[in-house]
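For reference, the structure discussed in these notes is given below.
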Amino acid sequence: MTDPETKHHLEAAIRGIATAGKTLKLYPPTSPIPRQAVETATAALESYLAINPVLSLAVTRTGLSWQGQPLAVSVPGVSDLADTLREQGVAELNVMPGCALDELMRFLSAITRPAEEVRQEGGLGAVLVADGVECVRVTDVSLTVIEDVAPDDDQDMDEFLRELASDPEKLAAWMAAAAAGDPSAFAEGLEGLALAAGPDGIAGLVETLSQAFMRQASDGKDAMIGLSLEAGTVRSLADGMFSHLGTMDIAGSMCEGLYGKNMLSLSNVLTHLPLQERMEQVHADVQRMLAESEHSGKEASFLDHMLEVRTRTTPEPSLVEAQPAYAKVAEIATLAPEVIDNLRQETERSHASIHAAGVQTMLTLLDQQEDFELYCRSVDSLASMVPRLIEHGDITLARKVLTELASREGRSVQPWPDLSLRLRQAIARAVDHRAMAAVLDAVIDDPGLVPQVRDLVQVAGETAGPVLVSEAITHKEPGIVAAEEILGRRVLDLLVVALPQAQWFQVGPIVVRLAREGDARSIQAVEGVLRRSDDQSRREAACGLALAGGAPALRMLGTLVKDASPEVSTVAVRSLGKHGAVGAAALLSAALDSLDMDTKDFALAREIIGALARMPDPEATVTLQHLAARKAIIKRGHYNEIQQLVRQAQTYRNEHGVRDE
């Protein structure tokens with residue numbers, strides 16, 4: 001069972017992502033509204049990921065699934081996010097810790113692009129990799145439409161389409177099947193009908209389409225309405241289709257489905273559908289239907305407001321311009337920068353003096369304590385101050401507390417047998433995960449603090465090292481670099497020990513550091529990750545090895561390129577193409593030679609050709625030229641597609657200035 005806190009954060013994260021995605025569609029990039037929505041979504045994700053290792057959502061036929069449990073479509077954002085991901089051909093979405101605002105913005109921008117455009121660039125996963133999105137991963141699928149209405153074996157396709165365009169019942173059955181599949185395939189089918197009907201048959205087609213539209217269930221109508229919002233052939237067909245429908249029919253089609261549940265979506269549909277002069281009447285019918293349903297008066301008022309905002313042609317004046325009183329308040333509240341700096345410095349000095357005085361008082365009371373339990377409580381209180389002192393930037397005082405605790409362990413004269421153990425336990429609590437996270441944050445922000453932090457960790461002893469490395473792994477590459485500045489080469493031993501227990505989304509930065517080291521023990525640890533049964537770990541290892549470069553890394557990448565999992569091999573190839581390590585082109589060329597690229601290995605061959613197109617390596621040019629010169633008497637399987645991909649790769653290298661180094 002899901003605990004209430006996790007469920008609350010999960011729903012908030014999904015709602016935030018879905019709202020931010022819709023906002024990016026509805027408002028121009030220059031508007032502050034989309035960025036505010038993405039900031040809200042990022043905050044919701046951080047709250048969820050603070051108590052969960054990863055946000056993993058599977059896309060199902062009815063919505064989204066989390067940890068194998070379907071999420072109710074009544075949860076705000078579930079249906080919208082599922083529809084968007086399904087349209088982009090996504091089977092699973094994973095959001096990992098560290099997903100910052102800019103990465104989430106790039107991900108949302110990618111999923112709001114036209115699906116066909118994204119597919120032409122290799123799918124959403126490839127687009128995210130190309131955009132540098134590391135903390136959001138997707139698993140792409142290829143969606144197809146199952147059509148219940150199909151031509152007879154001996155029937156000409158054009159004849160079948162013309163028959164379909166004139167029969168409302170058959171067209172309604174076809175629309176129901178097409179609307180349940182890939183939206184782009186649905187749109188292509190409608191365009192094919194228009195082409196088969198020809199200029200003389202369009203009038204009959206739109207009349208048949210209007211009858212078939214009214215026979216659809218609410219999800220079928222939603223699909224048709226959604227396709228009608230974008231410019232193109234389908235919108236032109238919808239224009240004629242709506243002209244054959246009454247305003248009550250149009251309003252009912254909007255209100256009964258997905259769009260009628262959300263006033264923001266409903267306002268978008270009313271504004272962008274090709275209704276021309278009938279828009280006001282449809283709006284009036286929609287308002288009457290909302291009043292008769294469970295929707296409140298506030299929702300109806302909000303719909304009116306959003307319609308007014310969407311149809312406004314002049315920019316809205318700022319609040320300061322509209323209400324001069326706000327400008328006066330802002331002027332009064334403005335503080336000069338030097339005043340703010342003085343206040344900040346004074347506050348920091350007062351904090352430092354208070355902390356120093358508190359520590360000195362507690363140490364004095366500790367030496368006067370004669371009761372064992374009270375002595376231990378005082379020690380624990382001192383230890384609990386260390387993380388707070390580090391967070392406030394007072395590393396010197398934190399080191400003093402640790403030094404005092406360590407010295408009392410070495411020169412204890414009290415007749416308490418368990419005192420040394422309790423002191424060691426207190427020191428371990430003082431350098432817990434919170435304290436080490438603060439240490440890493442401080443060093444990342446100010447590398448000049450390394451000497452002070454190094455002294456603090458040395459005073460803490462062996463306890464601090466594993467905890468520091470554990471936190472460094474969660475900070476990814478900057479954290480590991482900072483940990484190495486503090487611990488020196490000892491960090492390598494700790495990374496080797498930590499790697500087998502690391503979760504899949506933590507593997508990449510560790511693999512990068514160990515692969516760059518290249519010693520036998522480090523390579524052995526990385527090879528252990530390559531033997532893991534889960535695809536995610538091997539995918540992360542592939543990305544890390546491509547970043548690391550070097551002969552050992554390339555050797556292991558050669559294994560991953562031939563991995564049994566298509567996802568792992570694809571990520572390995574894309575990582576090599578993105579980072580272009582020395583020798584990567586030769587490795588991919590050798591892999592290509594071992595593939596049956598025209599038949600069963602076509603998908604992987606396509607990825608390799610795409611990677612070679614981006615590599616500034618002479619070997620890539622030679623390989624592409626060799627492929628372009630292939631000859632075959634019998635062009636079986638995907639031979640023609642392979643040759644076309646090679647020509648496109650060579651054109652890409654010429655147009656984008658990819659030159660051999």
Can you list, pair by pair, the side-chain donor-acceptor contacts under 3.5 Å of residues 89-102, counting residues two or more places apart and other chains?
{"from": "E92", "atom 1": "OE2", "to": "S56", "atom 2": "OG", "distance (Å)": "2.9"}
{"from": "N94", "atom 1": "OD1", "to": "S56", "atom 2": "OG", "distance (Å)": "2.8"}

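- Sparse packing is recorded around CZ of R377, with 12 or fewer heavy atoms of other residues, nucleotides or ligands lying under 6.0 Å away.
- Of the possible polar contacts, one joining the T42 side chain to the V38 backbone as a donor-acceptor pair under 3.5 Å is found.
- By the 4.0 Å N-to-carboxylate-O rule, E134 lies too far from R106 to be salt-bridged with it.
- Counting heavy atoms from C-beta outward, R516 and V512 have side chains that approach closer than 4.5 Å.
- Side-chain contact between I427 and T463: absent, with no pair of heavy atoms (C-beta onward) separated by less than 4.5 Å.
- How far OG1 of T474 is from CG of L49: 12.5 Å, rounded to the nearest 0.5 Å.
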Candidate pair I444 and H475, rule side-chain contact (heavy atoms from CB on, under 4.5 Å), full reasoning: CA-CA 10 Å; I444 292 172; H475 283 64; 4.0 Å; yes

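- Nearest approach of V59 to A82, heavy atoms of both residues: CG1-O, 4.2 Å.
- Here the CG-CG distance, from L514 to L499, works out to 6.0 Å after rounding to the nearest 0.5 Å.
- In this structure, the separation between CD on E485 and CG on L449 is 12.5 Å, given to the nearest 0.5 Å.
- Remark: Q524 CD is loosely packed, at most 12 non-hydrogen atoms of other residues, nucleotides or ligands lying under 6.0 Å away.
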Stepwise side chain to side chain donor-acceptor pair (under 3.5 Å) check, S569 with D563: CA-CA 5 Å; S569 59; D563 194 275; over 6 Å; no

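- The environment of CD in E567 is crowded: more than 12 heavy-atom neighbours from other residues, nucleotides or ligands sit within 6.0 Å.
- For the residue pair F107 and V138, the shortest heavy atom distance occurs at CE1-CG1, 4.3 Å.
- Look at R137 and E540 and you find a salt bridge, because one of the NZ, NE, NH1 or NH2 atoms lies within 4.0 Å of a carboxylate O, short of that distance.
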Quick one: side chains of residues 8-23, donor-acceptor pairs under 3.5 Å with protein atoms, not counting sequence neighbours, listed by atom name and distance.
{"from": "T19", "atom 1": "OG1", "to": "R15", "atom 2": "O", "distance (Å)": "2.7"}
{"from": "K22", "atom 1": "NZ", "to": "D80", "atom 2": "OD2", "distance (Å)": "3.0"}
{"from": "T23", "atom 1": "OG1", "to": "T19", "atom 2": "O", "distance (Å)": "2.6"}

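- Taking every heavy atom of both residues into account, M105 and L24 meet most closely at SD-CD2, 3.9 Å.
- With a 4.5 Å cut-off on side-chain heavy atoms, K578 and V129 count as touching.
- Side chain of S537 to main chain of D534: no donor-acceptor pair is present (N/O by atom type, distance under 3.5 Å, no hydrogens or angles).
- No side-chain heavy atom of M385 sits less than 4.5 Å from a side-chain heavy atom of V401.
- Rounded to the nearest 0.5 angstrom, L468 CG and H433 NE2 are separated by 10.5 Å.
- The closest donor-acceptor contact from the side chain of D432 to the backbone of A435 lies under 3.5 Å.
- V457 is not listed as a side-chain neighbour of V431, based on a closest heavy-atom distance of 4.5 Å or more.
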Audit row: T396, L456, side-chain contact (heavy atoms from CB on, under 4.5 Å) steps and yes/no: CA-CA 8 Å; T396 301; L456 182 146; over 6 Å; no

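- A donor-acceptor pair under 3.5 Å is formed between the side chain of N52 and the backbone N or O of Y48.
- Ion pairing between a basic and an acidic side chain is recognised when a charged N comes within 4.0 Å of a carboxylate O; D493 and R521 show such pairing.
- Nearest heavy atoms, P466 versus R490: CD-NH2, 4.2 Å.
- Residues passing the salt bridge (charged side-chain N to carboxylate O under 4.0 Å, His left out) test with K476, sequence neighbours excluded: none.
- For R399, there are no salt bridge (charged side-chain N to carboxylate O under 4.0 Å, His left out) partners two or more places apart in sequence or in a different chain.
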side-chain contact (heavy atoms from CB on, under 4.5 Å) between E477 and I480, worked out: CA-CA 5 Å; E477 183 179 2; I480 293 177; 5.8 Å; no

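- Between E517 and R513, at least one side-chain nitrogen of the basic residue sits less than 4.0 Å from a carboxylate oxygen of the acidic one, meeting the salt-bridge criterion.
- Checked by atom type and distance alone, the side chain of Q536 never pairs as donor or acceptor with a backbone atom of F505 at under 3.5 Å.
- The two residues Y375 and R408 have their closest heavy-atom pair at OH-CD, 3.7 Å.
- The line from CG of L423 to SG of C376 is 7.0 Å long, rounded to the nearest 0.5 Å.
- For R454, there are no salt bridge (charged side-chain N to carboxylate O under 4.0 Å, His left out) partners two or more places apart in sequence or in a different chain.
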Verdict with reasoning, L545 to L530, per side-chain contact (heavy atoms from CB on, under 4.5 Å): CA-CA 11 Å; L545 289 170; L530 306 190; 4.3 Å; yes

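- Between S65 and L71, every side-chain heavy-atom pair lies at or beyond the 4.5 Å cut-off.
- Taking both residues in full, the closest heavy atoms of V127 and A110 are given as CG1-CB, 4.0 Å, listed atom of the first, atom of the second, then distance.
- Residues satisfying the salt bridge (charged side-chain N to carboxylate O under 4.0 Å, His left out) test with E5, not counting sequence neighbours, are none.
- A distance of 10.0 Å separates OG1 in T570 from CZ in R539, rounded to the nearest 0.5 Å.
- With a 4.5 Å cut-off on side-chain heavy atoms, L382 and E404 do not count as touching.
- Looking at R538 and D535, a side-chain N of the basic residue comes within less than 4.0 Å of a carboxylate O on the acidic one, giving a salt bridge.
- The closest donor-acceptor contact from the side chain of Q506 to the backbone of Q503 lies under 3.5 Å.
- No side-chain heavy atom of R555 sits less than 4.5 Å from a side-chain heavy atom of L587.
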